Amino acid sequence: MNRFKTSKFKNTTPKIAKKDGWISNVRAGSFTSQGNHIKSSTRLVAFNTDQAGGGMLGLTSVEPGSDGRWTVTVIPCHADLITDLDFSPFDDNLLATCSADETVKLWRVCEPEQEQPGGAEVTLCPGEGRLELVAFHPTSSGLLAVGSTKTAQLWDTSRQQSPLAALEPHGDQLQSLSWKQDGSLLASSCKDKKLRVFDPRAQLTPVQSAQGLQSNKDSRILWVKDSDHILTTGFDQMRGREVRLWDSRKLGSSLGSANLGTSNGTLMPLFDPDSGLLTVSGMGDSVIDCFEVSASEPFLSQVSHCLTDAPTRGVAMVPKLALDVLSCEVMRVLQLTDSFIVPINYHVPRKSGQEFHADLYPDTLGRTAAMSAAEWWKGGEKQVDKVSVNPSNRQKPNNAKPANQMPAKKELPSGRSKEEAPVRGCSTSSSPLSSPSSSAAPSRSPSSTSGLSSGFQPSPSQSVKAISSMLGPSSKFRHLQGAVLHRDTHFTNLKGLNLTTPGECDGFCANRHRVAVPLATAGGQIAIFELSQAGKLADTGLPTIQNSVNVADFSWDPFNSHRLVVAGDDAKIRVWQVPEGGLTETLTEPEAILQGHTEKIYSVKFHPLASGLLASSSYDQTVRLWNLESGDEVKALRGHQDQIFGMAWSPDGKLLATVCKDGKLRIYDPRKSADPVQEGAGPEGHRGARVVWVCDGKYLMVSGFDSRSERTLYLHSAESLSSGAIASAPTDVSPSTLIPFYDPDTSVVILTGKGDTRVYIFEIVPEAPYFLECASFNSSEPHKGLAFLPKTECVVQEVEVARGLRLSKTSIEPVVFRVPRVRKEFFQDDVYTDTAVWWESSLTASAWLAGSDGKHHSISLKPKDMTPVSEAPKEVQVRKYLPSSHYLEEKTDEQKKDELLSAMIGKLGNMDDNPLPQESFQGVEDDEWGD
């Protein structure tokens with residue numbers, strides 16, 4: 001308070017409630033965590049208990065029931081200690097908890113006498129180990145700050161897959177977090193004695209940082225009102241406890257301080273921005289001190305020193321809107337002890353009682369969020385509107401009980417009555433945690449309610465939409481049919497197939513002219529078959545490629561159908577040239593040998609645009625790029641910590657994605673850096689994985705295993721790998737990795753594993769639900785691999801969208817995938833978009849390495865003699881039967897006779913026109929009868 005101005009709060013007096021006003025049946029624990037162990041909204045109080053190892057939360061009400069008693073209930077929340085909790089400033093029933101079990105949960109709690117929810121509405125998994133701190137944003141709905149051991153993250157509860165931001169890690173244990181009242185800045189205190197101020201929307205590193213604390217023992221931090229001042233509690237160098245006031249713009253030295261003696265208990269500060277009053281209590285202490293904080297000297301002035309009846313386990317401040325303002329109550333603190341919650345009321349003595357003293361109660365922050373988390377993150381600066389605390393003109397909160405209580409309605413587990421529960425099929429708020437008072441809450445006007453809820457029957461179109469909504473979106477390829485072509489097109493009598501190729505190898509590879517198959521014979525031999533020469537293979541004497549070492553992986557050059565690269569166990573890549581017309585003799589000398597890897601190679605992938613550019617991954621945990629024209633290694637990418645399961649070039653050829661056994665998914669920009677430009681969590685299982693770019697390179701689809709070894713497909717945003725998978729689709733349990741083939745024209749992915757009999761098919765769409773499952777294809781015997789041919793090999797007259805080759809133990813069989821259509825005589829232009837000519841290069845490896853980018857041109861698959869189905873004439877419906885009016889028309893008896901007679905005559909025919917056969921016979925003369 002200013003020395004020239006007397007404060008109206010200088011005589012504020014604490015009053016401990018009588019023992020019959022204490023909340024009993026409380027079993028508070030003495031656990032060690034960074035939280036205050038108790039929090040209050042205007043109606044409810046939540047606190048830590050010692051039950052279930054601290055994983056259960058106690059819940060009671062601020063005010064007693066009609067019988068003058070408090071009901072206390074417990075809620076099982078976490079599998080480990082609840083370390084911190086916080087009520088939403090905009091919703092009395094929305095409670096956030098964090099725990100040592102590494103999760104944050106949001107609960108829609110009810111009045112303690114009602115049935116509590118059976119589960120959390122939202123569960124967040126920051127993945128940073130034990131969590132210590134959680135705090136709602138002061139102006140935005142659904143925005144949380146979450147603190148782990150060393151890191152603070154910001155979470156939008158409406159997008160639960162990943163945080164909005166992960167701030168720069170602290171140097172040691174994070175001890176406290178606090179939002180500035182306007183929501184723009186976040187302050188933290190740390191065991192490394194530093195105070196940090198973050199502007200999360202501007203940068204992830206602190207905008208201010210200084211060595212402010214004198215001891216590394218537990219500390220707390222708070223913003224003072226809406227100013228730039230920060231208040232901290234902690235210990236000095238002599239282990240004396242102290243309170244300090246700082247200017248956040250100059251953290252080098254404090255503005256003022258107050259010493260509170262020597263003790264081991266952590267100081268827990270509570271600040272009331274309306275009155276400027278600060279209470280400080282120590283963990284395990286039996287005293288609560290109150291100070292008035294001023295922006296000028298003296299910065300901290302002691303107001304009261306309150307002795308309590310029991311040691312403190314935690315403290316919480318009751319919001320201003322719940323106070324008894326007519327009795328001049330300016331602050332209420334709830335003290336958590338081992339067995340009770342003790343209310344401590346702070347009053348300003350005034351002669352006239354039961355009156356509202358406006359000078360004590362400026363307008364306080366309201367209960368309606370100023371904006372959503374997304375709006376804040378985009379730069380919103382809206383502030384929460386203030387409301388009067390005068391009971392005569394204060395608006396009742398939306399969730400307050402009405403004065404004239406209606407008959408009680410049966411409560412649902414979520415705390416809503418049946419009349420308030422959302423009707424299935426009706427639209428609700430986009431956020432699962434929209435507060436009742438939030439401006440984002442769904443409207444209750446008749447125009448915004450559905451026909452069912454308003455008592456009117458829905459229209460047919462509404463019913464169709466409702467049914468579609470319930471069934472979900474479907475793919476136009478959902479009836480895609482797979483079929484094996486006639487036996488005349490098969491390669492049969494295949495012998496000596498290598499069935500033990502590494503998991504990173506597809507098993508075999510093919511282009512439009514020939515197919516390469518690894519053999520089990522010594523020397524890493526590879527058989528080459530010309531697709532134009534299908535039939536039964538000779539028992540012996542097949543010419544092969546003699547690779548000299550076991551084959552790890554191999555691939556045809558997409559721009560040269562004669563070039564085959566083979567990676568071997570000896571860490572070398574051999575380049576082979578197959579002559580025109582196929583092999584006529586065994587090849588023993590490769591065209592080139594690429595050396596650079598120090599250990600066995602996993603896989604090889606050609607660049608999709610640049611000719612002669614190859615990527616290879618190896619057991620030496622590197623990915624290397626090669627220029628085949630010069631035979632040189634041109635790039636070496638690092639950053640992997642374990643086996644590289646798979647890699648894939650982006651469609652535009654700029655980026656390279658990898659998935660690794662270390663559980664990471666990485667994206668590289670090889671021309672800019674040898675280190676990954678993005679990194680995120682990959683599949684949980686470590687048995688194998690594949691990655692492919694989908695949806696024009698906007699997403700990465702990963703085929704891998706979950707923690708239970710179930711084969712699962714994951715979809716990641718290519719722009720934000722750190723956010724984790726945005727969708728997943730489990731398939732089945734099997735030891736082999738699903739190998740994907742993605743068709744960019746239809747956005748259909750076809751997957752199967754070595755040794756499988758089933759081929760999975762999904763359409764991938766860039767919006768929820770992302771994976772649309774289509775009909776699968778099943779074969780009679782297990783296949784060893786599936787390779788696909790260019791789109792131009794498809795027969796569009798049969799509506800083929802994919803054509804490939806299926807490798808079995810003794811044969812190679814062509815397989816096609818067709819879309820069932822009725823009017824096949826027309827070109828199905830809704831199925832066949834212009835396809836990229838990916839078998840022609842758009843630039844050289846040298847040009848790409850120099851920074852140039854290429855692009856494939858596209859061609860139409862429409863034959864000249866076919867008309868697009870979109871331009872086809874509409875079919876005229878031909879009526880097969882006469883209209884019912886023809887049969888129902890009334891006829892007289894004479895009409896019926898005439899019709900019957902006409903029908904009989906028509907059936908017998910006209911005898912004059914059609915004489916009987918015997919009439920043409922010659923008769924016998926009369927005199928001949930006389931003989």
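Please read these numbers as outputs of a predicted model, since none were measured by experiment.
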Near-ring test W649/W838, centroid separation under 6.0 angstrom: no

Ring center gap for F508 and H783 short of 6.0 angstrom: no

Can you check whether [Y]'s main-chain N or O pairs, donor with acceptor, with [X]'s side chain at less than 3.5 Å?
| X | Y | result |
| --- | --- | --- |
| H607 | G653 | yes |
| S707 | E684 | no |
| N627 | D632 | no |

T731 vs F762, side-chain contact (heavy atoms from CB on, under 4.5 Å): CA-CA, chis, key distance, verdict: CA-CA 11 Å; T731 55; F762 291 87; 4.3 Å; yes

To the nearest 0.5 Å, what is the distance between [atom1] on [X] and [atom2] on [Y]?
| X | Y | atom1 | atom2 | value |
| --- | --- | --- | --- | --- |
| S617 | H597 | OG | NE2 | 7.0 Å |
| K635 | R671 | NZ | CZ | 9.5 Å |
| F705 | L738 | CZ | CG | 7.0 Å |

Audit row: F606, D557, side-chain contact (heavy atoms from CB on, under 4.5 Å) steps and yes/no: CA-CA 7 Å; F606 275 96; D557 187 333; 3.8 Å; yes

Residues H562 and E580: side-chain donor-acceptor under 3.5 angstrom: yes

S870 and D829 side chains, donor-acceptor separation under 3.5 Å: yes

side-chain contact (heavy atoms from CB on, under 4.5 Å), paired with V694, selected from L715, V748, V749: L715

Trace of the side chain to side chain donor-acceptor pair (under 3.5 Å) decision for S532 with E530: CA-CA 5 Å; S532 60; E530 298 294 309; 5.0 Å; no

Heavy atoms only: give me the nearest [X]-[Y] pair and the separation to one decimal.
| X | Y | answer |
| --- | --- | --- |
| P590 | W576 | N-CZ3, 3.4 Å |
| D506 | K754 | C-CE, 3.9 Å |
| P769 | A727 | O-CB, 4.5 Å |

Step-by-step side-chain contact (heavy atoms from CB on, under 4.5 Å) determination, R806 to T752: CA-CA 11 Å; R806 173 182 173 272; T752 193; over 6 Å; no

Sidechain N-carboxylate O distance under 4.0 Å for E633, R624: yes

Candidates E504, H686, Q621 - the one meeting side-chain hydrogen bond (donor to acceptor under 3.5 Å, both in side chains) with Q643: E504

